[in-house]
Amino acid sequence: MAGSREEAPDYGRGVVIMDDWPGYDLNLFTYPQHYYGDLDYVLIPHGIVVDRIERLAKDIMKDIGYCDIMVLCVLKGGYKFCADLVEHLKNISRNSDRFVSMKVDFIRLKSYRNVLIVEDVVGTGRTMKALLGSIEKYKPNMIKVASLLVKRTPRSDGFRPDYAGFEIPNLFVVGYALDYNEYFRDLNHICVINEHGKEKYRV
């Protein structure tokens, strides 16, 4: 799916979608009729997103062990990714011989032990670095960052999350709770919005 093959996969980058990846034709999928004409193509189909999140949950549990986790969700775009990731983490816990306590909060700072920050998109990385700085003041044992998407942007300061679902080109994407002026959150697939869509929903 991700274009040209690399010799050794870099799992820290997630599934790498190359700049020349043409995406999937919209006619191959179902999506809300009220968005017809507003999208260029499907970048990542919903099923692939869900499957990748399941794998991220396994990687997270393997890395941090079966310790209690405080999941911090960055609103608003991160809520769908967070809900699905936590559900997979709970399923792993349910099927293991040890109970893992999982609490979810929405960036209200207090004392935390093991923190997993869940974000929808990391672009420049500046916002996440500022957030990490404010959480580190509370001296948690561990802080990890999981981001569904990481954009390759020339403005990036080099920040990389600990867990990345997909590394994508510097595109404006919507769907899977990622919005454009509050629209497209009801779109399951991650798609590239076109100029008509931007104009139609411009505030």
Side-chain angles (χ1 to χ4, degrees), residues 1-6 9-59 73-85 87-88 118-125 127-128 145-156 158-203:
M1 171 192 159
S4 60
R5 293 177 63 166
E6 298 173 9
D10 179 357
Y11 293 113
R13 293 174 72 188
V15 176
V16 178
I17 299 173
M18 306 307 284
D19 289 346
D20 59 356
W21 169 245
Y24 297 96
D25 190 305
L26 289 159
N27 294 321
L28 297 172
F29 300 93
T30 58
Y31 63 100
Q33 193 171 340
H34 46 266
Y35 296 137
Y36 283 17
D38 300 333
L39 303 165
D40 270 344
Y41 55 89
V42 174
L43 184 68
I44 312 169
H46 182 249
I48 294 174
V49 174
V50 171
D51 201 64
R52 179 72 188 121
I53 292 170
E54 184 176 6
R55 179 56 204 239
L56 283 178
K58 286 181 180 172
D59 292 345
C73 179
V74 180
L75 294 174
K76 293 181 183 175
Y79 79 86
K80 182 95 175 84
F81 173 43
C82 184
D84 288 353
L85 182 64
E87 195 53 42
H88 284 302
V118 178
E119 172 70 292
D120 54 352
V121 182
V122 169
T124 64
T127 305
M128 187 51 68
V145 177
S147 184
L148 179 62
L149 304 176
V150 177
K151 279 191 189 182
R152 286 190 300 278
T153 168
R155 297 179 302 129
S156 171
F159 174 80
R160 307 283 318 179
D162 300 286
Y163 309 99
F166 302 86
E167 183 186 288
I168 66 170
N170 192 20
L171 299 166
F172 198 113
V173 292
V174 293
Y176 195 74
L178 301 164
D179 75 301
Y180 179 73
N181 293 327
E182 297 299 325
Y183 291 91
F184 300 100
R185 291 198 197 274
D186 55 338
L187 175 65
N188 278 334
H189 313 292
I190 295 176
C191 298
V192 176
I193 188 173
N194 62 23
E195 289 306 315
H196 175 268
K198 287 180 187 173
E199 190 57 43
K200 181 175 172 183
Y201 298 111
R202 198 182 302 280
V203 173

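Ionic pairing of Arg55 and Asp51 is not present here: no N-O contact between side-chain nitrogen and carboxylate oxygen is shorter than 4.0 angstrom. Ion pairing between Asp38 and Lys198 fails under the 4.0 Å rule for side-chain N and carboxylate O. Between Arg202 and Glu195 no salt bridge is recorded (no basic side-chain N to carboxylate O distance below 4.0 Å).
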Exercise for the section: Could you walk me through whether Tyr79 and Val118 pass the side-chain contact (heavy atoms from CB on, under 4.5 Å) test, one step at a time? Expected result: CA-CA 8 Å; Tyr79 79 86; Val118 178; over 6 Å; no
Handout entry: Derivation and outcome, salt bridge (charged side-chain N to carboxylate O under 4.0 Å, His left out), residues Lys80 and Asp120
Key = CA-CA 9 Å; Lys80 182 95 175 84; Asp120 54 352; over 6 Å; no
Practice task
Check the pair Val150, Arg13 against side-chain contact (heavy atoms from CB on, under 4.5 Å), reporting the backbone distance first and the verdict last.
Solution key: CA-CA 8 Å; Val150 177; Arg13 293 174 72 188; over 6 Å; no
Exercise for the section: Under the side-chain contact (heavy atoms from CB on, under 4.5 Å) rule, what do Phe172 and Asp40 come out as? Steps first, then yes or no, please. Expected result: CA-CA 11 Å; Phe172 198 113; Asp40 270 344; over 6 Å; no
Exercise for the section: Dump the intermediate steps for side-chain contact (heavy atoms from CB on, under 4.5 Å) on Ile190 and Val42, then the final yes or no. Expected result: CA-CA 6 Å; Ile190 295 176; Val42 174; over 6 Å; no
Handout entry: Full working for ring-ring contact (aromatic ring centres under 6.0 Å, His included) between Tyr36 and Tyr31
Key = CA-CA 8 Å; Tyr36 283 17; Tyr31 63 100; 4.8 Å; yes
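Side-chain atoms of Val121 and Lys151, non-hydrogen and from C-beta on, do get closer than 4.5 Å to each other. Annotation: side chain of Pro154 is in contact with side chain of Asn170 (closest heavy-atom distance under 4.5 Å). Side-chain contact between Val145 and Phe159 is present, with at least one heavy-atom pair separated by less than 4.5 Å. When side chains are defined from C-beta on, Phe81 counts as touching Ile53, because their heavy atoms get closer than 4.5 Å. For the pair Pro169 and Asp19, the minimum side-chain heavy-atom distance is below 4.5 Å. Counting only heavy atoms from C-beta outward, the side chains of Tyr163 and Ser147 never approach each other to under 4.5 Å. With a 4.5 Å cut-off on side-chain heavy atoms, Val174 and Val192 do not count as touching. Using a 4.5 Å cut-off on side-chain heavy atoms (C-beta onward), Cys191 and Val173 make no contact.
Taken from OH in Tyr41 to CZ in Phe29, the straight-line distance is 13.0 Å, to the nearest 0.5 Å. Taken from CG in Asn194 to CD in Glu199, the straight-line distance is 11.0 Å, to the nearest 0.5 Å. Note that the CG atom of Asp25 and the CG atom of Leu28 stand 5.0 Å from one another [nearest 0.5 Å]. Leu149 CG to Glu167 CD: the interatomic distance, rounded to the nearest 0.5 Å, is 10.5 Å. Annotation: the span from Tyr183 atom OH to His34 atom NE2 amounts to 9.5 Å, rounded to 0.5 Å. If you take CG on Leu43 and CD1 on Ile193, they are separated by 13.5 Å, rounding to the nearest 0.5 Å.
Judged purely by atom type and a 3.5 angstrom limit, Arg52 uses its side chain to pair as donor or acceptor with the backbone of Gly165. The closest donor-acceptor contact from the side chain of His189 to the backbone of Thr30 lies under 3.5 Å.
Between the side chains of Tyr176 and Asp84, at least one donor N or O sits under 3.5 Å from an acceptor N or O.
For Tyr180 and Tyr201, the gap between ring centers reaches or exceeds 6.0 Å.
Across Arg185 and Ala177, no two heavy atoms sit closer than the pair NH1-O, 2.7 Å.
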